Amino acid sequence: MDAADVAADLTEVLYTSDQIAGRLTEIAAQIDQDYADKDPLLVGVLNGAVMVMADLTRALHIHCAMDWMAVSSYGMGTHSSGVVRILKDLSTDLVGRHVIVVEDIIDTGLTLSYLMQNLASRNPASLKIMTMFRKPDALKIDIDVTYLGFDLPNQFVVGYGLDYAGRYRNLTDVGILAEHVYS
């Protein structure tokens, strides 16, 4: 699905699928260089990071392993509930591993901060963050991001894994969701 398919639901397209693909290629090249001899473990945060993880791993030229975690702090609303729950934990032991957490978006940073503390307690050799999107004006806590796709305005955005009530994840572009959709 592209922006034209849901044009009435968007007020603006922020990034096209081509822009996203180009940026992911640049990030993958940097990860290839940084982890050339490290066999990293990429930890995708479900459900939003599915698109990012799939495209990122296909763009890499080094070997890597993958695992998945599911955490929740949103529910069906447009704002974080502030309560973080682990819905699915990793099946991989992190001790001594070089771990890159792959996120779709960093909004307030609260959920990711909790997740990073949890993962750091498992004694990885290194722990870095790759996020496709970040909302700097929404951040409530400082998050050290090593690999960043794009910054977004502090508005409700959908597409490329980002959803509203389970919809729009398969939108290949990223845009601002019109208020009439969620009000």
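Note that the structure is predicted; figures quoted are calculated from it, not measured.
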Only pairs at least two apart or in different chains count here, so list each salt bridge (charged side-chain N to carboxylate O under 4.0 Å, His left out) that has a residue in residues 144-154. R134-D151
Would you indicate whether the side-chain heavy atoms of V102 and V43 approach each other to under 4.5 Å? no
List the atom pairs, with distances to 0.1 Å, where a side-chain N or O of residues 154-162 and a protein N or O form a donor-acceptor pair under 3.5 Å, not counting sequence neighbours.
residue	atom	partner	partner atom	Å
Y160	OH	M51	O	3.4
Y160	OH	D55	OD2	2.7

Exercise: identify the closest heavy-atom pair between D104 and G48: OD2-CA, 3.1 Å
pair R122-V95: side-chain heavy atoms closer than 4.5 Å: no
Residues, nucleotides or ligands: over 12 heavy atoms within 6.0 Å of E179 CD: no
Do other residues, nucleotides or ligands put more than 12 heavy atoms under 6.0 Å from the CE atom of M66? no
For residues 2-13, tabulate all N or O donor-acceptor pairs below 3.5 Å that involve a side-chain atom, not counting sequence neighbours.
residue	atom	partner	partner atom	Å
D2	OD1	A4	N	3.1
D2	OD1	D5	N	3.4
D5	OD2	D2	N	2.9
D9	OD2	Y168	OH	2.6

Give a yes or no on whether the backbone of T16 and the side-chain of Q19 come within a donor-acceptor separation of less than 3.5 Å. yes
Any D173 side-chain heavy atom under 4.5 Å of Y15 side chain: no
Less than 4.5 Å apart, side chain to side chain, heavy atoms only: is that true for M116 and I129? yes
So, for D32 and A59, which heavy atoms are closest and what is the spacing to 0.1 Å? OD2-O, 4.3 Å
Kindly compute the distance separating CG (L41) from NE2 (H98), expressed to the nearest 0.5 Å. 11.0 Å
Evaluate whether atom NZ of K140 has more than 12 neighbouring non-hydrogen atoms of other residues, nucleotides or ligands under 6.0 angstrom away. no
Side chain to side chain, Y35 and I100, heavy atoms closer than 4.5 Å: yes
Which heavy atom of G109 sits nearest to which heavy atom of I143, and what is that distance? O-CD1, 3.5 Å
Just so I know, are the side chains of R85 and T111 near enough to count as touching, which here means a heavy-atom distance under 4.5 Å? no
Residue pair S91 / D67: nearest heavy atoms and the distance that separates them: N-OD2, 2.8 Å
What is the distance from atom CZ of R169 to atom CE of M1, rounded to the nearest 0.5 Å? 12.5 Å
Do W68 and L90 have side chains that approach each other closer than 4.5 Å (heavy atoms only, starting at C-beta)? no
Taking the side chain as every heavy atom from C-beta outward, state whether I31 and L56 have any pair of such atoms under 4.5 Å apart. yes
Take atom CZ in R167; do more than 12 heavy atoms of anything else shown fall under 6.0 Å from it? no
Heavy atoms only: give me the nearest H63-D39 pair and the separation to one decimal. O-OD1, 3.6 Å
Where is the tightest heavy-atom contact between A138 and D107, given as atom of each residue plus distance? CB-OD1, 3.2 Å
Residue H180 excluded, over 12 heavy atoms near NE2 under 6.0 Å: yes
